[in-house]
Amino acid sequence: MLPAQAEGLTPSLAQWQRTAQNPLSPNFSLPIEYKFHGGAPDGDVHIGSFGAIMPIRFDGWNIINELTLNIMGTPGDITGIRGLPQPYTGDGHGGSDGYAAGLADTYFTSYFSPRINDEFSLGLGATFVFPTDEPSRELGSGKFSIGPAVMLVYQTPKYWTLGLQAQQIWSVIGSAERDHVSQMIVKPTINYNLPDGWYLQSNMEVIANWESPSDQRWTVPVGVGIGKIFAVGKNAIDTRIEGHYNAVTPDLGPTWSINASFTFIFDELD
């Protein structure tokens with residue numbers, strides 16, 4: 001949402017910063033993201049994500065729907081990443097040296113978000129993971145999973161946006177040859193806004209794979225990034241890049257990552 005926006009006027013960069021940094025804003029958006037995970041013993045992982053955030057607006061509350069398709073390339077035997085809860089070596093269709101690439105698991109999350117005020121947003125809902133990769137390959141979990149999701153966002157009038165997302169998924173059905181999934185994803189986010197649409201960000205994805213041994217369970221990244229909002233008529237484009245070092249990671253997990261994203265954000269429709 002764009003607080004304090006006069007009817008018929010184009011949103012300012014400061015207003016677009018607030019919208020881009022609040023995933024519960026009732027604005028249709030199209031995020032495109034690339035993640036590179038490096039330092040894992042068996043090789044690097046590339047993930048390209050293409051998504052759509054589709055709000056359904058009601059009087060006083062909204063439903064925020066997030067759909068994400070993922071294209072992955074991995075050598076297998078990698079864990080510590082969302083979508084790869086356990087190390088697994090599949091058949092690597094067509095790849096060299098067992099390397100596999102193609103469509104990975106698809107994520108869908110839906111939040112019920114009541115209207116509270118311009119500073120605080122709350123979302124409660126559920127996450128669904130669809131095994132759109134073939135179960136015999138290492139590009140996903142091989143399981144259909146579901147679980148609860150919650151999101152809290154606090155925005156000060158000018159500089160800060162603080163957020164927390166948490167999801168817990170459990171596998172329900174899927175390949176009998178693949179392990180049961182119990183994965184928690186917690187994403188604390190800190191944004192500090194600068195002039196002219198620039199901002200600093202730390203968006204860390206903490207992962208716990210509860211089916212793994214206690215010393216192989218956690219991935220805890222530490223990092224920082226920078227972003228820039230560009231106004232395009234009544235719409236906007238949000239660009240950002242961020243690097244992380246994994247302070248805690250499984251033996252077969254990556255030790256660092258770089259994320260870059262490009263998001264089209266559309267003004268609210270009347």
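No hydrogens, no waters, no symmetry mates; every other heavy atom, side chains included, goes into these values.
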Q) Sub-3.5 Å donor-acceptor pair from the side chain of Arg18 to the main-chain atoms of Asp118, do we have one? A)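 Present.
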Q. Taking the six-membered ring for Trp, is the centroid-to-centroid distance between Phe230 and Trp16 below 6.0 Å?
A.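 Aromatic pair excluded; centres sit 6.0 Å or further apart.
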**Q.** Tyr159 ring center near Tyr192 ring center (under 6.0 Å)
**A.** yes
**Q.** No-hydrogen, no-angle side-chain donor-acceptor test under 3.5 Å, Gln183 and Trp170
**A.**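 Result is no, nothing qualifies.
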(Q) Less than 3.5 Å apart, any donor N or O on the side chain of Asn203 or Glu242 sitting next to an acceptor on the other? (A) no
Q. Between Arg217 and Asp215, is the closest basic N to carboxylate O distance under 4.0 Å?
A.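 No.
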Non-hydrogen side-chain atoms of [X] and [Y] separated by less than 4.5 Å:
| X | Y | result |
| --- | --- | --- |
| Ile237 | Thr239 | yes |
| Phe108 | Val129 | no |
| Leu152 | Leu122 | yes |
| Tyr199 | Gln17 | yes |

**Q.** Candidates Lys158, Gln201, Gln21, Gln155 - the one meeting side-chain hydrogen bond (donor to acceptor under 3.5 Å, both in side chains) with Asn193
**A.** Gln21
**Q.** Linked, directly or transitively: Leu24 and Ile56 (ILVMFWY side chains, under 4.5 Å)
**A.** no
